[in-house]
Amino acid sequence: MRAAAALLVTLCVAGASVGATEARAGILIRVDKTTQRMTVTRDGQTLYDWPVSTGMTGYTTPRGAFSPSRMVVDYRSREWDDAPMPHAIFFTGRGHAIHGSSHTGRLGTPASHGCVRLAPGKAATLYALVKAEGMGNTRVVIGGDETAVAGRATPRREAGMRRERLDEEGFVQAPRVARRRSTDPWSDGGWQPVGATYPSAYGATYYSYGPSY
């Protein structure tokens with residue numbers, strides 16, 4: 001009887017330990033190449049949601065689930081002309097990493113050589129988080145397809161394209177042309193825009209005064 005009770009207590013303790021381990025999922029860094037965004041969760045709670053840049057055409061970022069292998073605060077790429085990769089978190093043996101980048105204007109579009117780019121401050125925040133929690137307690141999951149957005153223009157270019165389309169369809173007024181003033185030969189000092197048509201003082205014939213453009 002005592003042996004059975006002891007066994008039951010042992011099983012309960014073991015079950016509680018397993019449950020606690022499952023509940024503590026650690027850091028999950030999820031990158032969606034289609035939306036070009038990263039979400040960071042800790043124990044299932046979302047901490048951050050950031051724009052990123054993954055691999056451009058010809059330099060795809062690998063998909064799958066990875067564990068970080070090493071971390072370097074100030075790394076420079078030997079392959080790409082000593083390009084700075086601050087706060088790099090490497091997750092493949094081929095050198096793919098999550099790191100900071102000064103090319104913040106390209107974030108939200110595929111622009112890297114296969115790495116996952118973040119704004120410098122956000123990369124530093126993520127680096128500190130992973131360092132505190134431990135690489136062994138961190139997972140990097142990459143999915144989606146960056147080819148779906150590889151040709152997408154930057155937000156500024158998209159706005160310009162929208163304006164051009166609206167202008168072609170007649171929904172946007174053409175820019176106003178500045179006009180100079182000219183003296184009306186039939187009035188007492190009033191004015192009309194240069195190039196305006198005036199009624200002739202001699203009948204129904206109309207004349208246009210002012211220089212042509």
Side-chain angles (χ1 to χ4, degrees), residues 18 20-158:
V18 171
T21 302
E22 290 179 349
R24 183 174 176 76
I27 300 298
L28 174 61
I29 303 170
R30 187 179 296 276
V31 177
D32 187 335
K33 299 196 295 180
T34 301
T35 61
Q36 292 291 295
R37 296 197 71 86
M38 170 191 292
T39 56
V40 182
T41 61
R42 178 171 56 193
D43 300 335
Q45 299 296 316
T46 300
L47 301 178
Y48 307 109
D49 184 344
W50 294 324
V52 299
S53 283
T54 60
M56 57 186 166
T57 302
Y59 299 96
T60 185
T61 301
R63 302 196 322 175
F66 309 91
S67 294
S69 55
R70 64 186 175 119
M71 301 170 65
V72 183
V73 173
D74 186 12
Y75 185 83
R76 289 184 173 271
S77 173
R78 294 187 293 271
E79 185 177 2
W80 301 107
D81 300 324
D82 252 8
M85 297 168 54
H87 297 102
I89 303 172
F90 291 90
F91 58 89
T92 74
R94 290 176 290 164
H96 296 95
I98 301 168
H99 64 81
S101 171
S102 60
H103 299 286
T104 54
R106 300 294 302 276
L107 293 175
T109 62
S112 78
H113 290 101
C115 288
V116 179
R117 293 178 179 176
L118 279 171
K122 293 176 173 56
T125 298
L126 182 64
Y127 188 97
L129 178 66
V130 174
K131 184 176 181 180
E133 295 289 330
M135 290 189 294
N137 199 38
T138 301
R139 295 287 284 171
V140 178
V141 177
I142 299 177
D145 181 9
E146 66 260 273
T147 61
V149 292
R152 189 174 67 189
T154 61
R156 180 179 298 177
R157 176 58 183 153
E158 286 180 341

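Values below: every heavy atom of this structure, side chains too, minus hydrogens, waters and symmetry copies.
- The side-chain heavy atoms of I27 and V40, taken from C-beta on, include a pair separated by under 4.5 Å.
- Here OG1 of T104 is found 9.5 Å from NZ of K122. Values are rounded to the nearest 0.5 Å.
- In terms of heavy-atom proximity, A123 sits nearest to H99 at CB-C, 3.9 Å.
- Taking CG of N137 as the start and CZ of R42 as the end, the distance is 10.5 Å to the nearest 0.5 Å.
- Atom CZ of R63 is separated from atom NZ of K33 by 6.0 Å, given to the nearest 0.5 angstrom.
- Note that CD1 of I98 is 11.0 Å distant from CZ of F90, once rounded to the nearest 0.5 Å.
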**OP:** Apply side-chain contact (heavy atoms from CB on, under 4.5 Å) to the pair V130 and I29, showing each step before the final yes or no.
**Re:** CA-CA 10 Å; V130 174; I29 303 170; 4.1 Å; yes
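- Across every non-hydrogen atom of G108 and P51, the tightest pair is N-CB, 4.3 Å.
- Heavy-atom contacts from other residues, nucleotides or ligands closer than 6.0 Å to CZ of R37 number more than 12.
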**OP:** Show your reasoning for whether side-chain hydrogen bond (donor to acceptor under 3.5 Å, both in side chains) applies to T109 and Q36.
**Re:** CA-CA 6 Å; T109 62; Q36 292 291 295; 5.9 Å; no
Subject >> Candidate pair T61 and V31, rule side-chain contact (heavy atoms from CB on, under 4.5 Å), full reasoning >> reply: CA-CA 10 Å; T61 301; V31 177; over 6 Å; no
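- The two residues G55 and P110 make their nearest non-hydrogen contact at O-CB, 3.4 Å.
- Note: I89 CD1 to M135 CE = 9.5 Å, rounded to the nearest 0.5 Å.
- Scored by the ring-ring contact (aromatic ring centres under 6.0 Å, His included) test, H87 finds Y127 as partners (sequence neighbours excluded).
- A donor-acceptor pair under 3.5 Å is formed between the side chain of S112 and the backbone N or O of G114.
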**OP:** Go through the steps for S67 and R139 under the test side-chain hydrogen bond (donor to acceptor under 3.5 Å, both in side chains), then give the verdict.
**Re:** CA-CA 5 Å; S67 294; R139 295 287 284 171; 2.8 Å; yes
**OP:** Could you check T54 against E146 for side-chain contact (heavy atoms from CB on, under 4.5 Å), going step by step and ending with a plain yes or no?
**Re:** CA-CA 7 Å; T54 60; E146 66 260 273; 3.5 Å; yes
**OP:** Begin with the C-alpha distance, continue with both residues' side-chain angles, and end with the deciding distance and a verdict on side-chain contact (heavy atoms from CB on, under 4.5 Å) for D32 and R30.
**Re:** CA-CA 7 Å; D32 187 335; R30 187 179 296 276; 6.0 Å; no
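- Between T125 and W50, some side-chain heavy-atom pair lies under the 4.5 Å cut-off.
- Counting all heavy atoms, side chain and backbone alike, A119 lies closest to L107 at N-CD1, 3.7 Å.
- By the 4.5 Å heavy-atom criterion applied to side chains, M85 and R76 are not counted as neighbours.
- Once rounded to the nearest 0.5 Å, the distance linking NE2 of H96 with CZ of F91 reads 6.5 Å.
- Here the side chains of T92 and F66 are in contact, with some heavy-atom distance below 4.5 Å.
- Across A88 and A97, no two heavy atoms sit closer than the pair CB-CB, 4.3 Å.
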